[in-house]
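Okay, so here's the structure we're looking at.
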Amino acid sequence: MCSAKKRPEQPAGSLSWFACLHVVPEYRGKNLGGQLQKHAVNEVKLKGYDKLYLCTDLQGYYEKNDWTYTGKGYLLDDEETRIYELQF
């Protein structure tokens, strides 16, 4: 399940983040990840957002699903990560 909530008190420039997509190996190759992403996008659109962001160490997967690499970021433990944006 995936949901997004935009509260009226959030500033106009608030961001929506997509997190924790994982498909166990025996279910990979069945487009489950793509379906989950599509569901997340639909939920975010309903909340009034026009972009979705994520951070990951994967390279290649999200690009195939129309995400755009925007640059490097750092996790709480200072580990480097990749930041992606999806505009709709």
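Going from atom CD of E85 over to atom CG of D66 covers 12.5 Å, rounded to the nearest 0.5 Å. In this structure, K72 NZ and R82 CZ are separated by 9.5 Å, a value rounded to the nearest 0.5 Å. Distance check, rounded to the nearest 0.5 Å: SG of C55 to CD of E79 gives 10.0 Å. Atoms CG and CD, from L32 and Q37 in turn, are 11.5 Å apart once rounded to the nearest 0.5 Å. Separation of atoms OH (Y62) and OH (Y69) is listed at 15.0 Å; rounding is to 0.5 Å. Note that the CG atom of L36 and the SG atom of C20 stand 12.0 Å from one another [nearest 0.5 Å].
When atom types are taken as modelled, the side chain of T81 and the backbone of T56 share a donor-acceptor pair closer than 3.5 angstrom. A donor-acceptor pair is defined here as one N or O able to donate and one able to accept, closer than 3.5 Å; no such pair exists between the side chain of D78 and the backbone of Y74. Formation of a donor-acceptor pair under 3.5 Å by the T70 side chain with backbone atoms of I83 is found in this model.
Inspection of the E63 and Y84 side chains reveals an N or O donor paired with an N or O acceptor under 3.5 Å.
Linking ILVMFWY residues whenever their side-chain heavy atoms come closer than 4.5 Å, directly or via other members, leaves L46 and V44 in distinct clusters.
A salt bridge does not link K38 to E43: none of the charged nitrogens lies less than 4.0 Å from a carboxylate oxygen.
You'll find the side chain of Y49 stays beyond 4.5 Å of the side chain of L15, heavy atoms only. A 4.5 Å side-chain heavy-atom check between F18 and V41 finds every atom pair outside the cut-off. Counting only heavy atoms from C-beta outward, the side chains of K51 and L86 never approach each other to under 4.5 Å.
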